[in-house]
Trainee: 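Dumping the structure here so I can ask a few things about it.
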2 protein chains.
Amino acid sequence: MRQLFLILFVLATLGLSFTARAENGYDLWLRYKPVSTNLRGQYEKYFKTICFPAATDRLKAGRDELIQGFGGLLGIQPSAGTPAQSSLVVLTLDKIGTLKKFITDAEIQQIGNEGFIIKTISEAGRTRLVLTAKSDLGILYGTFRILQLMQTGKSLSALNITDYPKTMIRILDHWDNPNRTVERGYAGFSIWNWHKLPGYIDPRYVDYARANASIGINGSVLNNVNANIQMLTPAYLEKVKALADAFRPYGIRVYLSVKFDSPIELGHLKTADPLDPEVIKWWNAKTDEIYSYIPDFGGFLVKANSEGQPGPQSYGRSHADGANMLGNALAPHHGIVMWRAFVYDDKVPDDRFKQAYNEFKPLDGKFNANVIIQIKNGPIDFQPREPFHPLLGALPNTSVMLELQLTQEYLGFSTHLVYEAPLFKECLESDTYTHGQNSTVGRIIEGKYNPALLTGMAGVANIGTDINWCGHPFAQANWYAFGRLAWNPHNDAASIADDWLRMTFNNEAAFINPMKREMLHSRENTVNYMTPLGLHHIMGASGHYGPGPWTDNLGRADWTAVYYHKADTAGIGFDRTETGSNALNQYAPQVQRYFGDLKTCPDEYLLWFHHLGWQYSMRSGKTLWEEMVHHYYTGVDSVTKMQQVWKSLSPYVDPTRFKEVEQLMAVQHEEAVRWRNSCVLYFQTFSRKPIPAGYEVPEHDLSYYRNLHFPNIPGQGVN
Amino acid sequence: MRQLFLILFVLATLGLSFTARAENGYDLWLRYKPVSTNLRGQYEKYFKTICFPAATDRLKAGRDELIQGFGGLLGIQPSAGTPAQSSLVVLTLDKIGTLKKFITDAEIQQIGNEGFIIKTISEAGRTRLVLTAKSDLGILYGTFRILQLMQTGKSLSALNITDYPKTMIRILDHWDNPNRTVERGYAGFSIWNWHKLPGYIDPRYVDYARANASIGINGSVLNNVNANIQMLTPAYLEKVKALADAFRPYGIRVYLSVKFDSPIELGHLKTADPLDPEVIKWWNAKTDEIYSYIPDFGGFLVKANSEGQPGPQSYGRSHADGANMLGNALAPHHGIVMWRAFVYDDKVPDDRFKQAYNEFKPLDGKFNANVIIQIKNGPIDFQPREPFHPLLGALPNTSVMLELQLTQEYLGFSTHLVYEAPLFKECLESDTYTHGQNSTVGRIIEGKYNPALLTGMAGVANIGTDINWCGHPFAQANWYAFGRLAWNPHNDAASIADDWLRMTFNNEAAFINPMKREMLHSRENTVNYMTPLGLHHIMGASGHYGPGPWTDNLGRADWTAVYYHKADTAGIGFDRTETGSNALNQYAPQVQRYFGDLKTCPDEYLLWFHHLGWQYSMRSGKTLWEEMVHHYYTGVDSVTKMQQVWKSLSPYVDPTRFKEVEQLMAVQHEEAVRWRNSCVLYFQTFSRKPIPAGYEVPEHDLSYYRNLHFPNIPGQGVN
């Protein structure tokens, strides 16, 4: 009878009329479940009569969302009234009339074009909610904020909110191919059904736009940075236009990844030299053509001279030459170029860590005003932990944006619960010292040090055809957190988790608090069982699935694991001090000293910068070997603990999602054990030390783990 | 305000508390929306107190479904009572006690192991519903029937239902590959997430099983008939086991497609000769291994010596030798072999139509008792219209099952509204005369003429990762109709459409009647704009997308279109009379005469059997050329009419699905016009006759249509 009791439980606690539908996660954080708290009465008061004229598609999107929200949260449909009659007034500033007197010039100044003001206004014994903004988009963002406040159980009785996005470009990068495979996608396949476009607009496209708008995302790069030229053909531009039209009401502009050699492959020119007049002409014409389909097209994302992709260097030109040529084509249409700093040429460098800095630092100030350099959070490639990228802060006269990876390429795909906000925050709060003390990555990304520059944040999407969008119910939190941090890099991981849990599950403190603790710790758990103490890039080859510290024989040395951990019988770690690659030299002096000096270098970053003996004595008093083993075992233990916490929360979670997460945590545990045993046994062949007493002995020997074979690993979509 | 008014409309008509969720089609025909008719009171009466003890997972599945249904349909949760107290009693016959007296021995006899009895019983002034059956599966099927009756607005006050399935094997064939591509799949990708199995049971697997059980489907072949040997490895058998465990409560057994050369490719033997002792040993061991994972494993589906697949003939053995060898391995476990009759060898035959009959007719009676031959409805390959397969009825001493294609490989993929039940019924009601008059395909498939034989029906699934499962909201009807016809081949297309529309949309006669008419006509519409008058196999090459009557140069002649239409300046059509390939000779004499004689051969089949001059005078008085043109234009016009009908029904359909179908119909219209224009212009190059006056002139010339190029056509998944 468990099912029956659960239904009764749900009814009792939420007082809803029974729904036949299970929680399949499709609704993300926009579930609008009935409000059960005593705030319900207060909320209803504000939404009996509303004044929300919607003359544009964007305003209509906002009003429809509010009405849907009221229906779900309160089961009411407001009637329309005049500003004077209404308890909720939603008007742009130019139409707000006498209510203007409640808004200060400073507030209007502050919100800019995308911000909004929400106030609870008491006048002549009446209390009203007022939402206003300069633009329709500001209004849309404000409506989602009102819904968020209700979903998270906040009072509306004394609001005085003035909010606006701290960065300009808040964008998802989809590594989606025209054949619908997704490179590094672990939630199924691409949600873009190219074959059925432009004629068929999957309702999912609109729900995608709603979800993004609800967290302030304003752009979407539709296709893989390893770009297929097909996307630039008229047939596909028709399809891109259809998506742009579907997204427009929600303030989402579409962008495309382009292949630098398109003039040759698509235009049949002899060269793609960015200074060649024919090439320039071709890109200008192609860009004009794109804008003839999509007047508000966002621009291009370019991966050039990296991992085999063509680029300006193939023609003896610089990244600036290439980016500016495209920038010139886009400028008349107010489009931008996002040029990736993730580059490494065909020669294996002494240290890949240094390559982006070496190539881009000399180009500072040489990029057009509509070109922005997209820099990954770390110098290698989205590892569980990386130090901040040395280019961050090193380009004072160049627009830069941060590239974060939401899809869990190196964080357990879609079976490991890893809340990434702490990882993102670790980077955003890193002090680069490039503009004096406290010149954090966050402040640089905000454009604090050069108001003339473009700003932005990109997230490599973790979205696919899975019904719950992200494969793991908790992976949705990474999409959510990315949007919240792109809106404001100073938001903190805990409050974002709190909001997300409330909107996605419920407002029960007995659920929120323990689960929030687990989320906040989850990334460190994974670092511990995968790459503790600054280890990096030791995952399985090509598929990047599971452990592969033994990987030593791939296409090039800097694709292997041994290149990065450099384990030998003497010790382990990559010496990046002046006795080694001296990559540290790319940081400000304070950072060089901090990471370079063993007295100050945190354990978390130790092997990123130092090659140390197995007997090296750690702060804990343990040897390096003992400490490493300890971290691997701690990582697994913390997954076990997370499983126990989840089990204890079953009364607060619907049976479908409870079971899903329970199963996924079991898979995570199994894979964490495999990581631990593989790495401990492998590194033991160098340390030649026993696994200290008290730790469970690995179930199998090293050869067992080395010989495991996994066919059809997802996320290896070929273009 | 449209959205607002629609919400109010919904509330007004259905009296629901508002749901924030749009109709995205995920719930299929199991939506359980609140009953708004005056039957509500009657229904509630029966479900206040129920007696439904559930000691097994299968009974629990049935009870959970009922409770979910009551909650959705009536918003009530019944309390549990004794048989005496309860208004609904659900008990297997062995537990039914005194209620036994209301059930006759004849009824018990009739229902067999999978059937059920539902009666409204009045006794001592009390009226109760009783559901009983011999097995838990019968009970499960009965619970779904009770829910169907309520969903379709039927009274429960005087039920006396005795029902049971007319065929034994009611199965979906998934042409799904381990990499999740789906051969001929047009609804996204495979719902089997092999990488996350066995640890993660996607809730979708259970909803898949529920939907199948609700229509009586009791088996699922998980992988493509072009089989990947990976499926037989221990790692994948673990995953198959996990799916089997998830399906078992719903009475779904899993089956696997196997590659005949597995002993070589997987077992590293030198041969796969079915008479080789080592080969026999290998299959016996592999089969035992499978059953060690899945004790109720269903068996194997085999595509042998067809389209490059290996088979017994590669070793000089017969299909019977191959099938019986596998049958022997499965027999101890009560598994079966489904051996496909869709074969053609490497030599291009004079007429592929004849090949299956030529190969299998001589083998009648030579197959083991647990081998069943799976025969497509027609002799070629799931064309919009085919005559019934000449093997149907020609194997009186061999178990045969019908293979139908639900996925619309030749019926417009997932953008054309084509209700396939009329196509299926056309085959089922064809009189083979092989056992005297009225020995219809349906009666043969039922096993009417040889009770000793196995019976069954297979449907090539149209299911994928799309949220609505089938890509087109109306494509769900083909999955539904297949189940209903496999349960009872004598069900009629109209009543199945009626039930499906009511369960999937609503019970409004003003919606049901016009839409049912469109569904029933939809397949003929598509025949008209694709392949009228018996044309067949003239679609685009390889991708099978759109028209390709000009296709003339592929790997082998019988893959081209010209091989089948044989158009020349003299005329068009494939002469299969004795003056031609004499394929007709494979049918019973009555059928030979019927199709062979121009006086009796229906226009619909004309060019399947006759090559006729362009001036041939049709029954209508038109020439063949004029008639053909007329059909092509009529097909497009009927799509236009269908669009108008749909528009007129907007008040009865939720906005999301209304818009989806509206868009899909527009795509269908565009593609129908392309089919019409391409075919009319192409055949005109032979007929050299003008398009008769009054018909719209094609927008483009033939070369335009011939040169259209469509990249990334779905459904070409490679294994």
Side-chain angles (χ1 to χ4, degrees), chain A residues 1 3-4 7-8 11 16-22 24 26-27 30-33 60 63-64 67-69 71-73 75 77 80 178-180 188-189 193-196 199-204 207 230 235 413-415 465-467 471 656 659-660 663-664 666-667 670 710-714, chain B residues 1 3-4 7-8 11 16-22 24 26-27 30-33 60 63-64 67-69 71-73 75-77 80 178-180 188-189 193-196 199-204 230 235 413-415 465-467 471 656 659-660 663-664 666-667 670 710-714:
Chain A
M1 303 294 278
Q3 172 88 20
L4 176 53
I7 289 158
L8 294 167
L11 287 159
L16 351 124
S17 93
F18 181 91
T19 165
R21 237 160 166 178
N24 61 20
Y26 180 78
D27 295 331
L30 301 174
R31 290 160 58 251
Y32 304 136
K33 292 296 176 194
K60 193 176 166 310
R63 190 180 57 193
D64 290 351
I67 288 166
Q68 184 177 352
L73 290 158
Q77 286 69 42
N179 64 8
R180 299 190 68 181
F189 293 80
N193 188 338
W194 294 112
H195 177 73
K196 282 167 108 168
Y200 174 66
I201 302 301
D202 189 325
R204 186 164 203 159
D207 291 323
Q230 227 158 39
F413 291 8
S414 61
T415 55
T465 49
D466 283 3
I467 289 177
T656 306
K659 190 148 185 253
E660 272 186 281
Q663 293 173 335
L664 290 165
V667 173
E670 184 184 309
F710 303 93
N712 300 305
I713 292 171
Chain B
M1 304 292 280
Q3 173 85 21
L4 176 52
I7 290 159
L8 293 166
L11 287 161
L16 305 160
S17 94
F18 180 93
T19 166
R21 240 159 161 182
N24 61 21
Y26 180 79
D27 295 331
L30 301 175
R31 288 160 58 253
Y32 304 137
K33 292 296 174 194
K60 195 177 165 310
R63 190 180 58 191
D64 290 350
I67 289 167
Q68 184 177 352
L73 290 159
I76 62 170
Q77 286 69 43
N179 64 8
R180 300 190 68 181
F189 294 80
N193 187 339
W194 294 110
H195 177 73
K196 280 166 112 168
Y200 175 67
I201 303 301
D202 189 327
R204 187 164 203 161
Q230 226 157 41
F413 292 7
S414 62
T415 56
T465 49
D466 283 2
I467 290 177
T656 306
K659 189 144 186 256
E660 273 186 282
Q663 292 173 335
L664 290 165
V667 173
E670 185 185 309
F710 303 93
N712 300 304
I713 293 172

Trainee: Might you point out which heavy atoms bring A/R180 and A/F189 nearest each other, and give the distance in Å?
Mentor: O-CB, 3.2 Å
Trainee: Checking heavy atoms, do the side chain of B/I201, its backbone, both or neither come under 4.5 Å from chain A?
Mentor: both
Trainee: Using a 4.5 angstrom heavy-atom cutoff, name the option from A/E670, A/K659, A/K196 with the most pairs to chain B.
Mentor: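 Among the listed options, the one with the most contacts to chain B is A/K196.
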Trainee: Check whether B/E660 gets within reach of chain A through its side chain, its backbone, both or neither, counting any heavy atom under 4.5 Å.
Mentor: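 For B/E660, heavy atoms of backbone and side chain both lie under 4.5 Å from chain A.
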Trainee: Determine the minimum heavy-atom distance between B/Q77 and B/G71, stating which atoms define it.
Mentor: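 Minimum heavy-atom separation between B/Q77 and B/G71: NE2-CA, 3.9 Å.
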Trainee: Quick check: closest heavy atoms across B/G199 and A/Q663, and the distance to 0.1 Å?
Mentor: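 Smallest interatomic distance, heavy atoms only, reads O-CB, 3.4 Å.
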Trainee: I need the residue from B/N193, B/L73, B/T415, B/L664 with the largest number of non-hydrogen atom pairs under 4.5 Å to chain A.
Mentor: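 Of the options given, most contacts go to B/L664.
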Trainee: Check whether any side-chain heavy atom of B/N712 lies under 4.5 Å from a side-chain heavy atom of A/Q230, and answer yes or no.
Mentor: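 B/N712 vs A/Q230: side chains touch.
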Trainee: Report the option among B/V667, B/T656, B/I467 that has the most heavy-atom pairs separated by less than 4.5 Å from atoms of chain A.
Mentor: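 Of B/V667, B/T656, B/I467, B/I467 has the most heavy-atom pairs under 4.5 Å with chain A.
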Trainee: If I measure from the heavy atoms of chain B, does A/D207 come under 4.5 Å with its side chain, its backbone, both, or neither?
Mentor: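 Neither the backbone nor the side chain of A/D207 comes within 4.5 Å of chain B.
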Trainee: Under a 4.5 Å heavy-atom cut-off, does chain B meet the side chain of A/F413, its backbone, both or neither?
Mentor: side chain
Trainee: What do the steps show when you test A/R204 against A/Y26 for side-chain contact (heavy atoms from CB on, under 4.5 Å), and what is the final call?
Mentor: CA-CA 9 Å; A/R204 186 164 203 159; A/Y26 180 78; 3.8 Å; yes
Trainee: Which distance, rounded to the nearest 0.5 Å, do you find between the CG of A/N24 and the CG of B/N24?
Mentor: 7.0 Å
